[in-house]
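The structure appears right after this line, and notes come after that.
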Amino acid sequence: MAFLNTILSFLGISEAITQGVQAPSGMWHILILKTFEFVADYGWRIVVFTVLLKLVISPLDFYQRYKMNKNQKITERLKPTMEKIQKQYAGDKQAFQQKQMELNRKEGYSYFSACLPMIITLVVFITLWMSMQTIARYMMFKEYTTLYDEYTYVTEQIYEVPPEIIEIGNKSEEEKTDEERKMFDEAMRKWEITQKIGQDVVYQMYYNGIDESYVQTLRDHTVTVTDEAGNESAVKDYADMLPDDLKLLRGDAAVEPVQSSFLWIKNIWAPDVPWGNQAVLSKSAFLSGIGDYQKSETSGLDGGVQTRLIDKYDEVMYRLLNDAQTSRTNGYLILPILVVLLSVGAQLLSMFQQKRAGQVNAQGGVATSMKVMMFVMPVMMAVFALQSASIFALYMAVNSATTLLFNLLFTGIIRLIDKLRANKSHAIYAGSPRGGAGLASPDIIHYVKGANPNAGARPVVTDDPTGKKSKKDRSSATVVRRGGRPDPNELMGYDMSANKSDKQKRK
């Protein structure tokens, strides 16, 4: 009866069902499955997608680094004042923190600058994780339906079940005649060969792709048989079963390999782990992997077709599941290890930058929290990498690597900007608003190294014996103000007019 059910389940099924599988339609789904379709390999597609996504959100990262650098300078400038406040409120930690926040806010210190990019990054991370898990379920299911379509298409052309065999299959063993048993056994033999041919086609299609030239390979397929005398010989076991007009493809174009691999990973829709035979999933692992795609409401297929599709998994995938020559080990934990190492590196870099920016206090409870995060974040990333599809672990690894590179690049750019600004600080600024205890000091003049220290000083007036007032001798670098500004000659301690008169004398 099981054989009869197998035969009946294929009657009338000839149309491909893969095109009817409903694809997810979220923003990330469309970007990965459709927009980046020009990258055929799904592994490299994720790499390109991740790098471009990082470029799009990189202005936020640069803004964060810029604000952190600004906070650092504010912290350094306020350090003496903060130390005084800390001593003043040594016994009242809450009051000290309140005064600290008030002073920081007054000086333009930004607490929210580092939070906004982190919030956006977290939202992107969570939504991408959910979307890539859905993509993995969809692609896992779609790949199987592709193999199922090919299996049914080929087997239906090879063997058609005679109506009388169906009638014989409905009878019990006692009701069958010897002739009927012989006919039934012959039908089973032909069906077993048909199954093997279909499974060979599925195997070829999964690993290597397929075209019509594979028909000749099937015709030349042989098995070794031993006669009664113990002599072995090769016999073509498929040739008699294959029709002359057998076609393997529904269209004209050759079919690319169905397997979605990437470098060392054999099945990118499963985790990069060496256990569980994840390269080719067992039926139970497959059902767990496709999640809601077990339901016709999610897959978009007819309920009866969906049931037959699931029931035939072991039969369609038989050779792939029982191939002793091909390992079903999917990966070697390379991506999870990379994710953990890059996460630790990112934590160390972030901690260093935040300490320099004064955004964390490396003492007390904050220091404990930082140490906890140094442990928790890599562990959390490892859990995601071990339990999620390899495409998400690949995204995490590429994203972490690009983040580290961008952070180093942004840090270098910000330092270069600071250096250029420092080189331009030779301008003379009078009336610094930061003189004394934050009060304006119009008599203070900032000058570059090598300037006359007396530049900008008020003229020294002395009493002459004759009763007239005179200015100090010019040789002592008396400042003569011209239009309210210090004389450039006096600023540098050198009289250009004297040099000019010497040249005139020579002429």
Side-chain angles (χ1 to χ4, degrees), residues 28 46-47 49-51 53-69 71-72 110-133 136 265 268 270-275 331-411 414:
W28 297 123
I46 294 299
V47 172
F49 166 79
T50 305
V51 173
L53 177 63
K54 194 63 183 177
L55 287 173
V56 170
I57 64 177
S58 60
L60 287 174
D61 292 336
F62 182 78
Y63 171 77
Q64 179 187 20
R65 300 290 170 259
Y66 177 79
K67 297 297 288 186
M68 287 174 63
N69 184 68
N71 289 345
Q72 175 194 349
S110 176
Y111 289 96
F112 189 65
S113 60
C115 297
L116 179 60
M118 290 176 64
I119 293 172
I120 295 176
T121 300
L122 182 62
V123 171
V124 170
F125 180 87
I126 294 175
T127 55
L128 265 177
W129 172 70
M130 297 173 63
S131 298
M132 287 190 180
Q133 289 297 99
I265 304 172
I268 201 170
D272 177 17
V273 295
W275 57 78
Y332 306 98
L333 294 175
I334 295 177
L335 282 179
I337 291 173
L338 279 176
V339 168
V340 171
L341 293 178
L342 290 169
S343 177
V344 171
Q347 288 289 312
L348 291 174
L349 180 62
S350 177
M351 182 183 300
F352 172 75
Q353 291 175 335
Q354 288 180 5
K355 281 184 178 180
R356 289 196 64 200
Q359 291 186 327
V360 295
N361 183 2
Q363 297 179 357
V366 177
T368 303
S369 300
M370 290 169 60
K371 292 178 180 179
V372 171
M373 289 302 295
M374 278 290 296
F375 173 77
V376 171
M377 286 300 295
V379 171
M380 188 170 68
M381 294 297 102
V383 171
F384 274 105
L386 290 171
Q387 295 186 352
S388 303
S390 294
I391 55 169
F392 188 69
L394 181 60
Y395 161 77
M396 287 193 293
V398 176
N399 182 67
S400 298
T402 53
T403 298
L404 281 173
L405 292 176
F406 278 25
N407 284 349
L408 294 174
L409 177 63
F410 292 157
T411 301
I414 291 172

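These numbers were taken from a predicted model, which means no experiment stands behind them.
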Taken to the nearest 0.5 Å, the spacing of I120 CD1 from L60 CG works out to 4.5 Å
Where at least one partner belongs to residues 374-401, residue pairs that pass side-chain hydrogen bond (donor to acceptor under 3.5 Å, both in side chains), sequence neighbours excluded | W129-S388
Looking only at heavy atoms, the pair that brings V340 and P378 closest together is CG2-O, 3.8 Å
Determine the minimum heavy-atom distance between A393 and V339, stating which atoms define it.
-> O-CG2, 3.6 Å
Determine, stepwise, if the pair L333 / W275 fulfils side chain to side chain contact (heavy atoms under 4.5 Å, CB included).
-> CA-CA 10 Å; L333 294 175; W275 57 78; 3.9 Å; yes
Could you pull out all residues at least two apart from I126 that satisfy side chain to side chain contact (heavy atoms under 4.5 Å, CB included)?
-> L122, M130
Looking at CE of M132 and OG1 of T127, how far apart are the two atoms once the value is rounded to the nearest 0.5 Å?
-> 9.5 Å
Apply side chain to side chain donor-acceptor pair (under 3.5 Å) to T402 and list each qualifying residue two or more places apart in sequence or on a separate chain.
-> none
S58 side chain vs L55 backbone, donor-acceptor pair below 3.5 Å | yes
Apply side chain to side chain contact (heavy atoms under 4.5 Å, CB included) to I334 and list each qualifying residue two or more places apart in sequence or on a separate chain.
-> W264, D272, Y332, L338
Enter the distance from M380:CE to S343:OG here, rounded to the nearest 0.5 Å.
-> 8.0 Å
Which residues share a side chain to side chain contact (heavy atoms under 4.5 Å, CB included) with L404, sequence neighbours left out = L342, A346, L349
Are L394 and I265 close enough that some pair of their side-chain heavy atoms sits under 4.5 Å apart?
-> no
Test ring-ring contact (aromatic ring centres under 6.0 Å, His included) applied to F49 - qualifying residues, sequence neighbours left out = W28, F36
4.5 Å side-chain heavy-atom contact, T121 and T403 | no
